[in-house]
Amino acid sequence: MEDPLHEPAVLFDYRRSSCCSNRCCGAGGVPVIFDGHAILAANEKVKRRDLPIPKDDVLALELVKQGTDDLLYRISYACLRDSSSSHPHRVHSRHIRTVLVRFEDAAEVTKWESGLRRDSPRVLIVINPVSGTGSAPRIFRRVVRPLFERFGISFHMEETTHAGHARQIAADAAQRYQLGPRIRDHDLILVLGGDGTMFEVVNGILAHGTDSADMRIPLCAVPGGSGNALTVSIGAADAQTAAVNALTKPALPLDTMEVRSSVETRRSFLSVSFGLAADVDLNSEHLRWMGETRFTYILLKRIFSRTKYRARILFVPVSPEEARAHGATAEGEGKFSLEQEFSMVFINNTTWVNSNLKIAPHAAPADGAFDLSWVNASISRLEVIRLLTAVEKGKQIHRKTWHTLKVTECEIESLVGDSLSPSMRKRCDFSVDGERLRDNFVHVRIIPSSLTVVGCDLYV
């Protein structure tokens, strides 16, 4: 990541409300004004996309030089990275820049600085060194640690050593957090790994039940695994953006889903899948060295084998009319059912299931519902490929073969029997946030605003 101290800085003059460096605008200077909330561009022709500079994006205000009649300060702030790309991940990419600001006297500095003060969080960083391709430790050394040290953020780092370790670390931190400010050691857990690591942390936090989300330690995620659905869904697809957003962006609520089988109960923050999608996710673990390419490889194998999955789905839709329009049968008490052969079934709390698949473009992580999507088994191989191509941009919802409903509760029962054809006898486990759940039945219900996520640029 760029070092803010060595980046060329634009010089703004508070006294004259004009730019003192022709380099920044080409010619003539850039008039600027300062108010109580932001540095505002007064000239509409200014092309600098990082103006205005909201005070919430300011990370540091440092005295550079004290003259006889003025003060020169360096302001470090987070801003969008210049990019001509229209890719949904890159248009939200952020980094650190600086400006030099000349103030007339200390009173003006105090006036402008008053809104900048914020409590610096004590961060517990949980790193999974074997997540994905094993890049998490390198991301910590090159991105997260330099940024936190640069801006004086207190942090403690722990690397996981075995399966379930992240859950244990999170459970201990969550328990101390609930004891109050004087007892707690950390104010935020930053997870540097993939969705599997985040799954452990979420379940560790929620293991200590409390009715108030305010009493649960907030979370932040930096992508470091082969699947990074949460960071992509909150507009932080790369490590630098996620780390910068952790220090500048607000905390937002996140729904979770209670996933209950006949043998256990888990909490999901991303998705539950069945059929082709779960098959691909769970049976590609031995190819983790391939990164996200492993999903494509296994997916193509399953498509051409035309594997089908029979199931019964019972659900409570937000709109009964839409449920009927998708061919569901009313069962009474607001419930509807589907019993048929499926190619794939998704239950999504977030828009993305990994950085390449936008399964639920209308999903909102805090709307009190999840998106139930399915594809019937009668679909052709060609249409499956067309759907998967469309999924990269979330355009599959416009195809007739893709069905989506807003749902608050759902049951899926896998129906596998000797009477089925060989292509439909294949047992399919459920995938819960990328983790295998061995059962033929799950019950899923939404738990509104049960977590707090820090560093959300926006839900995309």
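Among all heavy-atom pairs drawn from Thr241 and Ala236, the shortest one is CG2-CA, 3.9 Å. Contact detail for Ile313 and Phe342: the closest heavy-atom pair is CD1-CZ, 3.6 Å. In this structure, Val143 and Ala243 approach most closely via the heavy-atom pair CG1-CB, 4.3 Å. Among all heavy-atom pairs drawn from Phe148 and Leu190, the shortest one is CZ-CD1, 3.8 Å. In terms of heavy atoms, Ala174 sits closest to Ile205 at CB-CA, 3.9 Å. Across every non-hydrogen atom of Ser343 and Ile379, the tightest pair is CB-CG2, 4.2 Å.
In this view, His165 and His162 satisfy the ring-ring contact (aromatic ring centres under 6.0 Å, His included) rule, not counting sequence neighbours.
Formation of a donor-acceptor pair under 3.5 Å by the Asp433 side chain with backbone atoms of Ser271 is found in this model. At distances below 3.5 Å, not a single donor-acceptor pair connects side-chain atoms of Glu341 with backbone N or O atoms of Ala377. Listed for the Arg176 side chain is a donor-acceptor partner under 3.5 Å among the backbone atoms of Ile183. Looking only at distances, no side-chain donor or acceptor of Asn128 sits under 3.5 Å from a matching main-chain atom of Thr160. Judged by distance alone, with hydrogens and angles left aside, the side-chain atoms of Ser131 form a donor-acceptor pair with the main-chain N or O of Gly194 at under 3.5 Å. For the pair Thr231 (side chain) and Asn228 (backbone), a donor-acceptor distance under 3.5 Å is present. Between the side chain of Ser268 and the backbone N or O of Met257 there is no donor-acceptor pair closer than 3.5 Å. Between the Asp367 side chain and the Ala369 main chain, a donor and an acceptor come within less than 3.5 Å of each other.
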Show the numbers, then the answer: is there a side-chain contact (heavy atoms from CB on, under 4.5 Å) between Thr248 and Val58?
-> CA-CA 8 Å; Thr248 58; Val58 175; over 6 Å; no

For Gln340 and Trp374, what are the C-alpha separation, side-chain angles and deciding distance, and is it a side-chain contact (heavy atoms from CB on, under 4.5 Å)?
-> CA-CA 11 Å; Gln340 60 186 57; Trp374 71 90; 4.2 Å; yes

Before giving the answer on salt bridge (charged side-chain N to carboxylate O under 4.0 Å, His left out), spell out for Arg312 and Glu413 the whole-Å C-alpha distance, their side-chain angles and the decisive distance to 0.1 Å.
-> CA-CA 5 Å; Arg312 181 175 189 269; Glu413 182 182 3; 5.4 Å; no

Decide yes or no on side-chain contact (heavy atoms from CB on, under 4.5 Å) for Phe140 and Val222, but give the supporting numbers first.
-> CA-CA 9 Å; Phe140 172 72; Val222 173; over 6 Å; no

Tell me, with the steps shown, if Arg216 and Leu206 meet side-chain contact (heavy atoms from CB on, under 4.5 Å).
-> CA-CA 8 Å; Arg216 298 193 182 111; Leu206 297 178; 3.5 Å; yes

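With values rounded to the nearest 0.5 angstrom, Arg122 atom CZ is found 4.0 Å from Asp187 atom CG. Interatomic distance, CG of Leu451 versus CG of Leu219, reported as 5.5 Å (0.5 Å rounding). The structure places CD1 of Ile412 at 6.5 Å from CG of Leu372, a figure rounded to the nearest 0.5 Å. Annotation: the span from Asp195 atom CG to Thr350 atom OG1 amounts to 8.0 Å, rounded to 0.5 Å. For the atom pair CZ of Phe336 and CG of Leu314, the computed distance is 10.5 Å after rounding to the nearest 0.5 Å. Here the CZ atom belonging to Phe274 is positioned 9.0 Å from the CG atom belonging to Asn440, to the nearest 0.5 angstrom.
Inter-residue side-chain proximity for Ile96 and Phe151 is flagged as met; some heavy-atom pair is nearer than 4.5 Å. Inter-residue side-chain proximity for Phe199 and Leu270 is flagged as unmet; no heavy-atom pair is nearer than 4.5 Å. Inter-residue side-chain proximity for Ser449 and Asp255 is flagged as met; some heavy-atom pair is nearer than 4.5 Å. Taking 4.5 Å as the limit, every side-chain heavy atom of Leu124 sits out of range of all side-chain heavy atoms of Asp185. Counting heavy atoms from C-beta outward, Ser93 and Asp238 have side chains that approach closer than 4.5 Å. Counting heavy atoms from C-beta outward, Thr329 and Glu331 have side chains that approach closer than 4.5 Å. A heavy-atom distance below 4.5 Å is not found between the side chains of Glu322 and Lys406. Counting heavy atoms from C-beta on, the side chains of Met157 and Arg145 never come closer than 4.5 Å.
Across Glu411, Glu409, Glu258, a single residue satisfies salt bridge (charged side-chain N to carboxylate O under 4.0 Å, His left out) together with Arg445, and that is Glu258.
Side-chain contact of Asp371 with Thr404: a donor-acceptor pair under 3.5 Å is absent, judged by distance alone.
Between Asp57 and Arg94 there is a salt bridge, since a side-chain N of the basic residue sits under 4.0 Å from a carboxylate O of the acidic one.
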